[in-house]
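Okay, structure first, notes after.
Bear in mind the structure is a predicted one, so any value in this text is a computation, not a measurement. So that the names make sense, note that chain A is the first sequence line, chain B the second, and so on, each numbered from 1.
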Amino acid sequence: MERIRNIGDFFRMYVDGFKNLSWGKPLWVIILVKLFIMFAVLKVFFFRNPLNEFDSEKEKSEYIYNELTKGHNINVKIKKYGTKCN
Amino acid sequence: MEQSVIDWSRAQFALTAMYHWLFVPLTLGLGFIMAIMETLYLKTKNAKWKKTAKFWMKIFGINFAVGVATGIILEFEFGTNWSKYSWFVGDIFGAPLAIEGIFAFFMEATFIAVMFFGWNKVSKGFHLASTWLTVGGATLSAVWILVANAWMQHPVGMGEFNVDLVRTELNDFWAVISPVAIMKFFHTVISSWMLGAAVVIGIASWYMLKNREKTFALDSIKIASVVGVTGIVISIITGDITGNQVAKTQPMKLAAMEGLYDGANGVGLVGIGILNHDKTYNDGKDPYLFDISVPKMLSFLATRDINGYVPGINDIIKGGYTTQEGNIAVPVEEKIARGKEASEQLRLYKTATNEEDKETAKAFFKANSKYFGYSFFNSAADTIPPVSLVFYSFRIMVCLGLLFLILFVVVIYYIGKNKFTAARWLQKTCLWAIPFAYIASQAGWIVAEVGRQPWAIQDILPVQAAVTNINASSVILTFFIFLLLFTTLLIAEIKIILKAIQTGPVESVEDEQY
């Protein structure tokens with residue numbers, strides 16, 4: 001291919017580059033297989049974000065709040081600072 | 001929460017991050033070296049530099065292709081295994097990661113193609129600019145990842161805790177690019193030059209041992225050894241500044257790095273030491289079975305005063321000492337109590353039925369909110385990181401860094417005296433040194449990340465609160481899937497690189513296709 005003079009030549013550089021791959025071919029196979037495993041297998045079957053099961057920000061924050069405060073000892077006495085509001 | 005979920009989630013993230021970090025430092029280090037080689041080609045017009053640069057671009061390309069997107073799994077894990085963490089800090093952590101995605105995609109995808117496909121199709125100057133921009137894109141993408149990581153070590157730039165959404169929120173983006181973040185960037189990226197240099201010198205030494213491509217090999221070694229020495233010297237400086245920052249922002253990490261239980265003025269730095277593994281917090285036993293220390297050095301590194309006070313693990317837990325900022329350290333037991341009080345007030349806020357109660361609870365929550373993260377601990381001892389892992393990893397990183405400095409200086413000396421070709425012992429040493437560069441690099445991350453434990457975000461969110469409440473068996477299953485996937489990728493990379501090395505640099509560089 002001749003020197004790049006316009007945007008069309010620029011895209012043809014990509015096309016020619018990929019067409020004439022030699023040692024790069026197995027690398028692209030690796031990349032494509034890897035992306036397939038990541039997005040079509042792992043992402044679909046193993047990576048379920050529990051927060052996506054909720055529709056609103058409020059529901060998500062409620063879930064987080066419940067998870068964060070689960071099992072906390074809420075009757076703790078504060079030695080130095082401890083006045084409680086109720 | 002099952003302990004096994006926490007442990008396996010932690011192990012899974014560590015596995016993914018450590019495998020990812022096998023590819024990244026070589027991209028950063030080798031990229032810089034090959035860009036220098038191409039610059040020399042443009043300056044000298046000597047085709048040998050083009051041949052040299054193209055060979056190392058091939059190794060760069062293989063490493064880049066195999067390593068690309070392994071980091072995506074880390075981002076999946078944020079959602080799956082660390083959903084509470086993602087929610088809690090997503091507003092802050094998301095910004096640098098989003099910028100990273102944009103930079104990484106556009107800069108690297110555009111210019112890496114010109115770098116590989118554009119020889120003879122663009123001017124030499126434009127090609128060189130594309131090479132530098134590819135390296136720059138990779139480095140810029142590292143900037144944002146490291147900014148995000150530094151924020152976890154030293155969280156800044158947040159506004160008031162949002163009690164309605166139960167999350168911290170960003171109110172000053174530029175504060176996130178803190179001195180800690182800047183130093184983490186320089187230390188991490190520039191120490192990668194050492195790894196890139198070690199790989200180049202090691203592979204080039206193999207050619208010397210095989211009596212092949214001697215000019216190419218010697219030219220490569222000349223460039224790489226200078227880059228390696230420069231990288232290590234800058235890393236020593238940035239490491240020193242980072243250590244000083246850690247003393248101020250993460251004193252527990254520093255104490256773990258040194259195995260220091262009882263602080264004092266004028267504390268020495270343990271150069272070589274064996275920890276007493278029976279030692280536990282506050283038991284009065286000697287923390288070392290054996291140690292050789294540099295007198296007063298730790299005090300100097302931590303405070304810039306040879307008689308400065310450095311708190312140990314016991315002091316940090318007991319509190320009461322004066323910090324470098326001039327504050328009186330709060331005892332950990334009190335932080336835990338105040339954290340639990342914050343948790344209680346958050347519950348009262350959430351369950352209050354009238355505005356007045358809500359406002360009162362909010363006010364009390366606010367008074368203790370900075371200790372909310374401590375509410376997840378049951379005892380002060382829970383706040384101590386795994387001391388021996390941090391202690392030994394730190395020494396491995398420093399010792400290997402210094403050994404590489406000596407190795408590179410010796411290489412420069414032998415090259416300068418024209419003795420390198422005959423010094424087969426040195427060539428063998430350089431070849432066998434390659435894995436140790438990776439060990440040094442990984443050890444650095446172990447110090448940074450394990451030293452921060454038990455916190456996911458320092459003083460804000462501990463790991464047990466950040467982890468998603470999912471089935472342990474799912475985490476174990478995915479751990480082994482990743483182990484298999486990453487190991488396969490690593491074997492593939494090594495095989496392809498070894499084949500490329502066997503083939504060697506191509507004589508007719510004009511005709512070579514990628």
Side-chain angles (χ1 to χ4, degrees), chain A residues 1-4 9-10 12-28 30-31 34-35 37-39 41-43 45-52 57-58 60-86, chain B residues 1 58 61-62 65-66 68-70 72-73 76-77 79-80 83-84 86-88 113-114 116-118 120-123 164-167 334 337-338 340-341 343-348 350 357 360-361 363-364 367-368 375-376 465 468-470 474 477-478 481 485 489 492 496 500 512-514:
Chain A
M1 199 186 97
E2 292 299 307
R3 290 257 172 152
I4 292 173
D9 289 347
F10 187 78
R12 267 191 291 282
M13 177 188 75
Y14 276 80
V15 174
D16 287 349
F18 283 115
K19 266 188 187 167
N20 298 315
L21 283 175
S22 55
W23 59 267
K25 257 182 201 150
L27 295 179
W28 278 101
I30 286 175
I31 289 173
K34 186 168 53 170
L35 290 175
I37 293 171
M38 282 182 186
F39 287 100
V41 182
L42 296 178
K43 180 72 178 157
F45 295 106
F46 295 106
F47 285 102
R48 279 177 52 251
N49 185 340
L51 289 177
N52 292 343
E57 293 272 286
K58 188 172 166 30
K60 287 178 184 176
S61 67
E62 283 304 314
Y63 166 79
I64 295 293
Y65 159 72
N66 287 325
E67 284 287 318
L68 286 179
T69 54
K70 200 186 284 177
H72 271 194
N73 175 10
I74 55 171
N75 292 315
V76 70
K77 299 282 181 228
I78 306 299
K79 287 178 202 158
K80 191 169 170 183
Y81 297 87
T83 34
K84 288 192 174 182
C85 70
N86 58 343
Chain B
M1 178 77 65
K58 189 172 179 177
I62 295 166
V66 180
V68 75
T70 50
I72 288 173
I73 291 188
F76 291 170
E77 287 173 10
T80 312
S83 62
K84 284 188 268 175
S86 299
W87 175 264
F88 203 77
V114 179
F116 283 117
F117 300 151
N120 307 323
K121 294 184 179 71
V122 293
S123 70
D164 293 310
L165 292 177
V166 196
R167 68 196 299 177
E334 194 171 304
R338 291 181 67 179
K340 289 186 187 296
E341 172 70 4
S343 180
E344 159 89 346
Q345 297 303 336
L346 182 62
R347 185 187 68 81
L348 291 172
K350 287 284 188 185
D357 285 352
T360 311
F364 274 102
N368 295 304
S375 67
F376 300 95
T468 310
N469 194 3
I470 47 174
S474 308
L477 175 68
T478 45
I481 289 174
L485 176 67
L489 285 172
I496 299 170
E512 195 198 3
Q513 297 289 344
Y514 285 99

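B:Ser86 does not touch chain A: none of its heavy atoms, backbone or side chain, sits under 4.5 Å away. For B:Ile496, the part sitting under 4.5 Å from any heavy atom of chain A is the side chain, from C-beta outward, and nothing else. For a residue to count as touching a neighbouring chain, one of its non-hydrogen atoms must lie under 4.5 Å from one of that chain's; by this rule B:Leu346 touches chain A with backbone and side chain alike.
Using a 4.0 Å cut-off between charged nitrogen and carboxylate oxygen, B:Arg347 and B:Glu344 count as a salt-bridge pair.
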Could you walk me through whether B:Val114 and B:Val122 pass the side chain to side chain contact (heavy atoms under 4.5 Å, CB included) check?
-> CA-CA 8 Å; B:Val114 179; B:Val122 293; 4.1 Å; yes
Please test B:Leu485 against A:Ile37 for side chain to side chain contact (heavy atoms under 4.5 Å, CB included), starting from the C-alpha separation and ending with a verdict.
-> CA-CA 9 Å; B:Leu485 176 67; A:Ile37 293 171; 3.8 Å; yes
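Among all heavy-atom pairs drawn from B:Trp87 and B:Leu165, the shortest one is NE1-O, 2.7 Å.
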